[in-house]
Number of protein chains: 4
Amino acid sequence: MASEAQRSDTAEPRRGRPRSEASHQAVLDATTRLLRVSSYEELTVEAIASEAGVSKQTIYRWWKSKAAVVLEVMLTGNAEIELVPMPSTGDLRADCLTWIRGMLVEAFRDTHVGMARSLVVAGLQGDPGTERLLQQASMWDHGLLAERLREAERAGELREGVDIAAAASAIGDPLIFRMLTGSAPSLSWSESLVDVVVTGLMRPGAGSSIN
Amino acid sequence: MASEAQRSDTAEPRRGRPRSEASHQAVLDATTRLLRVSSYEELTVEAIASEAGVSKQTIYRWWKSKAAVVLEVMLTGNAEIELVPMPSTGDLRADCLTWIRGMLVEAFRDTHVGMARSLVVAGLQGDPGTERLLQQASMWDHGLLAERLREAERAGELREGVDIAAAASAIGDPLIFRMLTGSAPSLSWSESLVDVVVTGLMRPGAGSSIN
Amino acid sequence: MASEAQRSDTAEPRRGRPRSEASHQAVLDATTRLLRVSSYEELTVEAIASEAGVSKQTIYRWWKSKAAVVLEVMLTGNAEIELVPMPSTGDLRADCLTWIRGMLVEAFRDTHVGMARSLVVAGLQGDPGTERLLQQASMWDHGLLAERLREAERAGELREGVDIAAAASAIGDPLIFRMLTGSAPSLSWSESLVDVVVTGLMRPGAGSSIN
Amino acid sequence: MASEAQRSDTAEPRRGRPRSEASHQAVLDATTRLLRVSSYEELTVEAIASEAGVSKQTIYRWWKSKAAVVLEVMLTGNAEIELVPMPSTGDLRADCLTWIRGMLVEAFRDTHVGMARSLVVAGLQGDPGTERLLQQASMWDHGLLAERLREAERAGELREGVDIAAAASAIGDPLIFRMLTGSAPSLSWSESLVDVVVTGLMRPGAGSSIN
DNA sequence: CCGTAATCGAGACGGTACGTCCCGTCTTCGC
DNA sequence: GCGAAGACGGGACGTACCGTCTCGATTACGG
């Protein structure tokens, strides 16, 4: 992303004339606003410039494409997609079920679905650099999920040798996929998904059962 | 599909010159050919028309957009995406592992990845009608997988009350997602994915174990 | 005209289904109707076909172009453009003045102006065959005018050696030109036009004078 | 002309990149060049753009149609149509005869005929704004002719009360009409035309006679 | 009274040009 | 001396008609 040019974590002095932070933020905000009412394809650079009160040149100076702008919006949390918190009551199965029920409500709102699609389409624009960003997308960060699983692992509740990331994907990715296709899964489907994976993950005999 | 629209049940006389099946097929073939070397975004209707030796109007007469053409190509199997066969040796876990190893090799070829992306982007074009098609896409038909699971279910190997479709998604969707982002997962990740889900699916004590 | 192609003077048998005279006339009528509300450029063959309830092929079978249809409409009097009659009271100057006053009223109606333009544009389509038709167009037939002038010539009122056709053009063509540009000339302009030409035509001393 | 539209009397600051005069002229030149070898109908905006090395959008930004471009070419003298000079020897009749003999040679050249047709067809496109331009067209400027007539008027050679413009049209318009139909008139026709009008114009007894 | 030949309406076909939209780049001028 | 305004060359869009080409369904003769 163009914006990474000066993103040094050590906060160096920043040489040269600094970019206009007002314009920068105006572009991100305008893009967020527009994406709420239009798809990625319908979004145009000219519309962003006009909506942001910024010249096209300013956009092209800092981002190399529409996809880059959209990805920055998404990945820096500018779009403020609220994640459902993951509870931690000590009962892994119950926590995951609580979480997925929340996701069913939260993630399938129209704006979120639109945002997710824009993010995916932007990420698939063929640019090799953007693919990586797509994978890191905090939006569907299975991080929360993976973290909870790791907590259970540390508590000795899980079978040994399982890949936590793979397990998190087994639950998280199907959810994302339904989100992209706009078809919210049923509650029972979702619960079954969690149940199967959690069951397969846990040490036999340990933990609660769904039935 | 657009092409079937006029084959209506009322079966009226069909006046005028009939649709040219040659042109129809030429469009699908040309699209397939072009998608092998270009992304969905790079693909243009004019290029399809030119490559197919067909007029643009003929394309717009039968399909309402580029997305519709691409979806017909994909969903009618015109692109001939070869699925990895699902073995059925009686050992569910072993069969699924065999299958996923094959998928790692087959599905992550460049052309297949490109096709999958095109299919997804086409399906996400915002058109409500196409979303449904996207879900039915035989490309990532978890059908083969789901079928094998149902076979095991009939054999009484599975726990009761689990949702087969959800379980198939738990394995299949993560695979598709990696395919879209272009990052082939490791063998151990894949095997762990299968192991967790199959374990969670099977009646305790039944079947083989990975370790 | 295309319609004359099969009008062989030897009157051959002409096998097969004969030309539908109904269709022929429907085309001419439809064209006339459409030209009343649209310019030559706006007129399309498809619109004619549709308006006439005839297939495009039928038009192209009998006329080689839109221009040919329009010219046939015009030159066969299908459009029924009414000419102003030329009086013959014995007073050439007075007769011509009466005639031109009538023309100012009649010829500059919107429909007539539109028809004249269509005729000219159709005639100028570059086709060499149509040019000739343009010259013969009865619409602006100076014939009536020329005839009256010749009558005066026979009566010995005119100077000798003058070209009657040229004189008729001197009055008629400026009128047509104003018609084409849509700017109706003033009465005094028109009367002066007639006066100058008639004066120049008549034997000195003969006839009445305008002032 | 379209190009002068924004040079308004309010003379506002004119922000942004200014219009490229090079492109403007390139369009006019390309149009002139193309009109030398093709008719108005054959001329396409895309061909102009391509020939001028200019984008279609640039043409549509400054002219509202092909007709507008052609009219600007014609009316600003870009096509450099050479007018035959009008002599002034003191003998009106002789001068006019000299002039019309020159016109017979000059005006009926192929390129000039083509240009005149293009100008007329462009002017008749139905746009009310362009009609006025058509009338002012310097191409068939009877201005030269009218000027000479006015000179004679000032010299007291003409009858009083005649409309000079009408008289100029009586000679000029028939010439133009023959030009449009592509049928060059004979010398005697032309001379008779001049003779009749000049005779009708001149004070009785004044000036020379043709015979 | 049957078959051959040419017509008819309908409408799809390969094309060409249209006029619009947006891309990404490039001036100019005002702050 | 940046940056908004906006013109530029380019190129694809989706539409409109062009003139041609099947279709199946009518007519008329001529055998």
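Within every chain, numbering begins at 1; the chains are lettered A, B, ... in the order of the sequence lines, protein sequences first and strands thereafter.
Take the nearest nucleotide of DNA chain E for Tyr60(A) and for Glu46(D): the residue whose nucleotide is more 5' is Glu46(D). Annotation: of the two residues near DNA chain E, Gln57(D) and Ser20(B), the 5′-most nearest-nucleotide partner is Ser20(B).
Atom CD1 in Ile48(A) sits 5.5 Å away from atom CD1 in Ile59(A) (nearest 0.5 Å).
Glu21(B) has its CD atom 13 Å from the P atom of dC23(F), to the nearest Å. For the pair Lys64(D) NZ and dC18(E) C1', the interatomic distance rounds to 15 Å; values are reported in whole Å. Distance Leu43(B) CG to dG11(F) P: 17 Å, rounded to the nearest Å. The CD1 atom of Ile48(B) sits 11 Å away from the P atom of dG14(F) (whole-angstrom rounding). Going from atom CD of Glu42(A) over to atom C1' of dC22(E) covers 14 Å, rounded to whole Å. For Lys66(D) and dG19(E), the NZ to P distance is 9 Å, given to the nearest whole Å. If you measure from atom CD of Glu51(A) to atom P of dA5(F), you get 14 Å, rounded to the nearest angstrom. To the nearest angstrom, P of dC22(E) lies 14 Å from CZ of Arg61(D).
Comparing dT26(F), dC8(F), dG30(E) against the side chain of Arg15(D) picks out dG30(E) as the nearest. For Thr44(A), whose side chain is taken as the heavy atoms from C-beta onward, the closest listed nucleotide among dC22(E), dA17(E), dC13(E) is dC22(E). Which of dC8(E), dG9(F), dG19(F) sits closest to the side chain of Thr58(D) comes down to dG9(F). Distance from the side chain of Val54(A) is smallest for dA4(F) among the nucleotides dA6(E), dA4(F), dC8(F).
Nucleic acid contact class of Ser65(A) (heavy atoms, under 4.0 Å, all strands): none. If you check every strand for non-hydrogen atoms under 4.0 Å, Lys56(B) touches a base.
Counting only distance, with no hydrogens or angles, the side chain of Ser50(D) and the backbone of Glu46(D) share no donor-acceptor pair below 3.5 Å. Although no hydrogens or angles enter the test, the distance criterion places a donor-acceptor pair under 3.5 Å between the side chain of Ser38(A) and the main chain of Leu34(A).
Within the 4.0 Å cut-off from OP1 or OP2 of dG19(F), not a single side-chain nitrogen or oxygen of Trp63(C) is found. Between Trp62(C) and dC8(E) there is a side-chain polar atom (N or O) within less than 4.0 angstrom of OP1 or OP2. Between Ser55(B) and dG15(E) there is no side-chain polar atom (N or O) within less than 4.0 angstrom of OP1 or OP2.
In this model, a side-chain donor or acceptor of Arg17(B) finds a partner on the base of dC21(F) within 3.5 Å.
Annotation: side chain to side chain donor-acceptor pair (under 3.5 Å) contacts of Lys66(A) (sequence neighbours excluded): none.
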**OP:** Could you walk me through whether Thr31(C) and Val70(C) pass side chain to side chain contact (heavy atoms under 4.5 Å, CB included), step by step?
**Re:** CA-CA 7 Å; Thr31(C) 304; Val70(C) 171; 4.3 Å; yes
